[in-house]
There are 2 protein chains.
Amino acid sequence: MTEFIPPGTLFVDLPSPLPMKRGGALYGARAAYETWGTLNAARDNAVLILTGLSPDAHAAANAGNPDPGWWEAMLGPGKPIDTDRWFVVCVNSLGSCKGSTGPASVNPATGDLYRLDFPELSVEDGADAAAHVVRALGIDTLACLIGNSMGGMVALAYLLRHPGGARAHINISGAAHALPFSIAIRSLQREAIRLDPQWNHGQYDDTHYPESGMRMARKLGVITYRSALEWDGRFGRVRLDQATQSPDRPDDEPFGLEFQVESYLEGHARRFVRRFDPNCYLYLSRSMDWFDLGEYCMEKSGDSDRDTRLGLAQIHVDKALAIGVHTDILFPLQQQQEIADGLRAGGADAQFLPLESPQGHDAFLVDIARFGPAVGQFLAALPAA
Amino acid sequence: MTEFIPPGTLFVDLPSPLPMKRGGALYGARAAYETWGTLNAARDNAVLILTGLSPDAHAAANAGNPDPGWWEAMLGPGKPIDTDRWFVVCVNSLGSCKGSTGPASVNPATGDLYRLDFPELSVEDGADAAAHVVRALGIDTLACLIGNSMGGMVALAYLLRHPGGARAHINISGAAHALPFSIAIRSLQREAIRLDPQWNHGQYDDTHYPESGMRMARKLGVITYRSALEWDGRFGRVRLDQATQSPDRPDDEPFGLEFQVESYLEGHARRFVRRFDPNCYLYLSRSMDWFDLGEYCMEKSGDSDRDTRLGLAQIHVDKALAIGVHTDILFPLQQQQEIADGLRAGGADAQFLPLESPQGHDAFLVDIARFGPAVGQFLAALPAA
């Protein structure tokens, strides 16, 4: 297994040792990032983007890499995250396989890949690594911290652990703690990988690779990233054209693919499985289950919702926007409402914005017609520092 | 592998050959059923219950089997389905492993189990088998046909293919055609079984058994049978007590179970996997994906929703009730609305009843406080024939 690092990726060496929240430390670790726009002289126009589980730091085309990025429509001159005004940084998650140190990186202590010797990874560790990148770029306070999905969790940990780290915050389809439905889904995804004999307790290589487990995990992911409503209109009950069926899935295989929706999932899975390291997937997935801002509540009651609200209220930003969509079953709308309410209790001018997007959890990647104006108007209204 | 037939199960020999909708035929097949109450002299007080994918015919305790059944609270003297008034019949689905002939039954042509030699199974085949049971009991017209979940599909096929078969119909969390989200979920469940090397194209036995695949399939099922809302209150983020962890899942297993919700799924899966035949699961699961009442629309337009409505309108019953719950992600509420609208277009006095049950698709099994009165009042108001 190798890492998958886009061309033009930049790196920051992280402090060594880098202590990890749940114990252990990383030595000689690094964080991968990319930037767009120009940091002004006052160093107060920086916007940091924290990503979901799988994206790399290449959010959009830039000088180092002209290929379109995963948020190309949102980021650039005149776009909602306007790089004519903002200096934008996107950091690849610690624990990922896309440039930042993770289980697929070489462990300097052994010269071999970390694999399962990588220390237990928390959302908070990712937040600390991202904060190191920001400081290394000479930035004390972000103009705005934007986090999507898992990145929404990382962003909340960032704001809590690095007070004064940002004046404003946009939390997109994020959550202040994991709820049992999403834990159950992620647990099943991890089980699919672990049950694949080729996973072999993390000791796979390119020839002995947990392809089936990763494919199952990704399919289950895609099912929960999208929405039933969208699929009703998109696929309905349309059958596969026999001629377009995959050659290694012959028509006569019992219980083989038959409907377009099955082929769509298969295609998604095939594109993903060899481009994301299975051990990294396991570590990042588990970190989300563990995340709970309620841990930071000063007087814990055991009432998870209350503790989470009080944990959120310890975050101090001037302005915040929490966006979600009605059709998100993985990070449901009440979790973004909870974030807005909690940040408001912490003194922020915080807005909750539910969008009528049919595309489910991943709507922020595709429904630019709704997310673009929401993000753009919030950023445009931010005062100069 | 064996079948799992409750004590006291009764059988009807099906016509031999029994032609199957998608081709082929069964020879010497039988259907399993149980009854409660007494058929009156006019033979007009019969209520037939058609089940979801996995239940057997033992819906409630009776003389042949005093053990509680899977719908014990709904069925009995003075209960919502009042056996003091109604003669109640429950039929085990054709293709199941609980008494009716299915892939785990002996193929009389070979003396071996059918396994994948069982002909392709359709929802319609199950409907025809159930209709044979009813006729064998000397009943021409049911007072009411009740179908739950998959049984709701079978019931619609029954009413369409056997005109005059019932005066009234209760469709509970059913659907007139499968939609892509539920197809995707079921496809993934089948893939989990098929990917298990122990499945071995259906040639497993008790020692070489696709335990892992069945466990994955069942967990994914349970996730979609319940609701995120229910689990938030029920499990929250509560951790497993170390002392109660399963001995074969030691604490030090990487990525092992940690949260109560994971243990709940594991327990459900372990109770299920050795009590349902994997090949039967595959056949019944696929039959639901194939089901589409739109096939019976006389002038097909290619618009699946329209064709389904027109297919439904070809069903003629006097009174109908379609019940669903807001939290059902597998057979979402609009599918029960569609059933009520379609049956009304066919001339029925049809009511759509959405219930505010937090328990998701399986609410009809557990939320008797809501489902009991709904079913009971509908049945109580039915006139004598």
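By convention in this document, chain letters (A, B, ...) are assigned in the order of the sequence lines, proteins followed by strands, and residues within each chain are numbered from 1.
- Closest non-hydrogen pair, B/Ser304 versus A/Arg237, comes out as OG-CD, 4.1 Å.
- Neither the backbone nor the side chain of B/Arg226 comes within less than 4.5 Å of any heavy atom of chain A.
- Heavy atoms closer than 4.5 Å to chain A are found nowhere in B/Leu229, neither backbone nor side chain.
- Shown here for A/Pro180 and B/Asp232, the closest heavy-atom pair between the two residues is CD-OD1, 3.4 Å.
- If you measure heavy-atom distances from A/Arg234 to chain B, you find no contacts under 4.5 Å at all.
- With B/Ser187 as the partner, the side chain to side chain donor-acceptor pair (under 3.5 Å) test is satisfied by one option alone out of A/Lys219, A/Glu266, A/Glu262: A/Glu262.
- Between A/Ile183 atom CD1 and B/Glu258 atom CD the span is 8.5 Å, to the nearest 0.5 Å.
- Note on B/Leu179, B/Asp196, B/Val222, B/Leu188: by heavy-atom pairs under 4.5 Å with chain A, the leading option is B/Leu188.
- Contacts between A/Leu265 and chain B at a heavy-atom distance below 4.5 Å involve the side chain alone, from C-beta outward.
- Of the inter-residue distances, the one linking A/Met216 atom CE with B/Met216 atom CE reads 4.0 Å to the nearest 0.5 angstrom.
- Contact count against chain B (heavy-atom pairs under 4.5 Å) is highest for A/Gly236 among A/Ser227, A/Gly236, A/Pro197.
- Only the side chain of A/Gln334 comes within contact range of chain B, with heavy atoms under 4.5 Å apart.
- Heavy atoms closer than 4.5 Å to chain B are found in the side chain of A/Leu116, but not in its backbone.
- A pairwise comparison of heavy atoms in A/Ile185 and B/Ile223 identifies CD1-CG2, 3.8 Å as the closest pair.
- Heavy-atom pairs under 4.5 Å with chain A were tallied for B/Ala178, B/Ser212, B/Gly202; the largest tally goes to B/Ala178.
- A/Asp289 touches chain B through backbone and side chain together, each having a heavy atom under 4.5 Å away.
- Nearest approach of A/Val261 to B/Ala184, heavy atoms of both residues: CG2-CB, 4.2 Å.
- Both the backbone and the side chain of A/Tyr283 come within less than 4.5 Å of a heavy atom of chain B.
- Atom CG of B/Leu257 is separated from atom CD of A/Glu191 by 7.5 Å, given to the nearest 0.5 angstrom.
- Here NE2 of B/His201 is found 5.5 Å from CD of A/Glu253. Values are rounded to the nearest 0.5 Å.
- If you take CD1 on A/Ile193 and CZ on B/Phe255, they are separated by 9.0 Å, rounding to the nearest 0.5 Å.
- Considering CZ of B/Phe181 and CD of A/Glu230, their distance stands at 12.0 Å, rounded to 0.5 Å.
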